[in-house]
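Worksheet for the structure shown next.
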Amino acid sequence: MIDPKLLRQSTDEVAANLARRGFEFDAAGYLALDERRKALQVETESLRKERNSSSKAIGKAKAQGEDIEPLLAAVQELGDKLDQNEAELQAVQEELRDIELGLPNLLQADVPDGVGDEDNVEVRCWGEPVEPDFEARDHVALGEALGMLDFECASKMSGSRFAVMRGQLARLQRALIQFMLDVHTGEHGYVETYVPFLVQSQALVGTGQLPKFEADLFKTTTETPFYLIPTAEVPVTNFARDVIFEADELPLRYTAHTPCFRSEAGSYGQDTRGMIRQHQFEKVELVQFVAPGDSERALEELTGHAEVILQRLELPYRVVVLCSGDTGFGAAKTYDIEVWLPGQGKYREISSCSNYEAFQARRMGARRRNPESGKPELIHTLNGSGVAAGRALIAIMENYQQADGSIRVPQALQPYMAGATAIYG
RNA sequence: GGAGAGAUGGCUGAGUGGUCGAAAGCGCUCCCCUGCUAAGGGAGUAAGGGUUAAAAGCCCUUCGAGGGUUCGAAUCCCUCUCUCUCCGCCA
């Protein structure tokens, strides 16, 4: 959520910033509605004040044994007017909030302009894509030939966009997760967490998936609906809901391995082959809570933490900064890490690291006590994949494939694979 | 799943219709005194919002959540949620 004060006072600047995303903000409409809110609120509060003082007077008069009948009559009409005003005010406030919840975050000044992913800007590149001296296969061909990756089997129970893995391939994914968690907790100062995979709507409003992107989520039909988490960002970031941190508690760094569930509405036809885009996948997530002045530096660090994983796995990748049109709803700035996939002959997203600044914090009341003023202020939140396990698995299969269809195990993972150096069919 | 108890400020805990946003204690901050390892005295100490260019001040809201009764609700009524204890059941 954008600071409502900023929305009122610098409406044109806000509108111009949002326009960089291709988002059209009806500034005039918003301001008109806010004017109505202001008038109603001032009036309602003064009515309440009147009622409060009258009630006190009645109490006093009664205590002194005076006749309170005339006082009661005077307050009576006031109550009706107040009820009406309160109802009207509430309606206007809800309307304003709906608008505010639907506005994307302001972009940082250094986010490049652009419309789609073709306009993202490469920031750096690591490793050299190696051309094998045989025809590179993609992970589907490799996995199926090994007898360890089975989409048909998955479709029997769950339909499309699910996978079944068996044997050493299933174990390799587990090894990856274990490895990533060990690096982040042991070397990058993250606290490992275990969190619910089902959350209620207010948690998703807090992180920004709701109310706008309900169609991308799986939802239960229980009386109070639960949503399957689309990312561990949702439960972990909500740790900070309604919390006022002491200044010396920050920064806080949390990591979690969870499955992620996405209905991927509107993605039909894209990546229908293989494990790139699934309804269910495993991910290790990184989340940070930092002081408002520290988030830009924290984003660089967090992105670096995700990069370390790919470096240890010796997977070539590049980092791109997302352009204005491609940056996600709540993010002020996002780096995507794209790993080289020989089977596709291109770089594909394996991690997305974003600085949300106060966008999520404002939605969920995440604050810290400012050490100078002693007053609460909104913190900044960040998160990034560190990294997506399913896609990392694909990257390993395709980058470590041998001419005979076997797959070498990256050195960093061998300790997690009982010393195995390769996977054979 | 069954039975009971509870939810108040950073914490403990009082408060059953009227100056209660809330006693007291603890904690914390500042000041004073004292002087030596600890003690004494005083003051202050919730959050959100409105008004303001901003601040001060003033005002509104909030005692688990939502609704109701009332001129007036932490206090009365209804619904829900959560926590604790016991029983049952389970991983």
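If you're wondering where the values come from, they're calculated on a predicted model, not measured in any experiment. The chains referred to below are lettered A, B, ... by the order of the sequence lines, with proteins before strands, and numbering in each begins at 1.
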For the side chain of [X], counting heavy atoms from C-beta on, which of [options] is nearest?
| X | options | answer |
| --- | --- | --- |
| Val75(A) | U61(B), U51(B), C71(B) | C71(B) |
| Arg48(A) | G50(B), U61(B), A47(B) | U61(B) |
| Arg51(A) | U61(B), G50(B), A47(B) | U61(B) |

If pairing requires Watson-Crick or G-U wobble contacts with both distances under 3.5 Å, which nucleotide is the partner of [N]?
| N | value |
| --- | --- |
| G64(B) | C80(B) |
| G9(B) | none |
| A22(B) | none |
| A38(B) | none |
| U75(B) | none |
| U45(B) | G27(B) |
| C86(B) | G2(B) |

Legend entry - Check: Phe359(A) and Thr381(A) side chains under 4.5 Å, non-hydrogen atoms: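 Answer no - side chains too far apart.
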Closer than 4.0 Å, any side-chain N/O of [X] to the OP1 or OP2 of [N]?
| X | N | result |
| --- | --- | --- |
| Arg367(A) | G48(B) | yes |
| Arg369(A) | A46(B) | no |
| Asn52(A) | C60(B) | yes |
| Gln9(A) | A54(B) | yes |

Inset, instruction - Would you check if the side chain of Glu233(A) reaches a backbone N or O of Ile229(A) as a donor-acceptor pair within less than 3.5 Å? - result: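 No, Glu233(A) side chain to Ile229(A) backbone: no donor-acceptor pair under 3.5 Å.
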Enumerate the protein-to-nucleotides 17-20 of chain B contacts in which both atoms are nitrogen or oxygen and the separation is below 3.5 Å.
{"residue": "G18(B)", "atom": "O6", "partner": "Lys62(A)", "partner atom": "NZ", "Å": "3.1"}
{"residue": "G18(B)", "atom": "N2", "partner": "Ser55(A)", "partner atom": "O", "Å": "2.8"}

Inset, instruction - State whether Asp271(A) and Arg348(A) are salt-bridged, where the test is any N-O pair (Lys NZ or Arg NE/NH1/NH2 against Asp/Glu carboxylate O) under 4.0 Å. - result: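 Between Arg348(A) and Asp271(A) there is a salt bridge, with a charged N closer than 4.0 Å to a carboxylate O.
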Legend entry - Cationic N near anionic O, under 4.0 Å, Glu152(A) to Lys156(A):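 Not counted as a salt bridge, because no side-chain N and carboxylate O are separated by less than 4.0 Å.
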Legend entry - Separation of atom CD in Glu35(A) from atom P in G50(B), rounded to whole Å: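 Computing the Glu35(A):CD to G50(B):P distance gives 13 Å.
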Inset, instruction - Flag yes if more than 12 heavy atoms outside Arg8(A) fall under 6.0 Å of its CZ atom; otherwise flag no. - result: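 Enclosed.
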Inset, instruction - Tell me what Arg97(A) touches on the nucleic acid: a base, only sugar-phosphate, or nothing, going by heavy atoms under 4.0 Å. - result: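 The residue Arg97(A) makes no contact with any strand.
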Legend entry - G17(B) and A3(B), which share atom name C1', separated by this distance in whole Å: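 Comparing C1' positions in A3(B) and G17(B) gives a spacing of 32 Å.
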Inset, instruction - Measure the acute angle between the ring planes of His184(A) and His188(A), then classify it against the limits of 30° and 60° as parallel, tilted or perpendicular. - result: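 If you compare the ring of His184(A) with that of His188(A), the planes turn out tilted.
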Inset, instruction - State whether a side-chain donor-acceptor pair under 3.5 Å links Arg20(A) with Asn17(A). - result: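 No, Asn17(A) and Arg20(A) have no side-chain donor paired with an acceptor closer than 3.5 Å.
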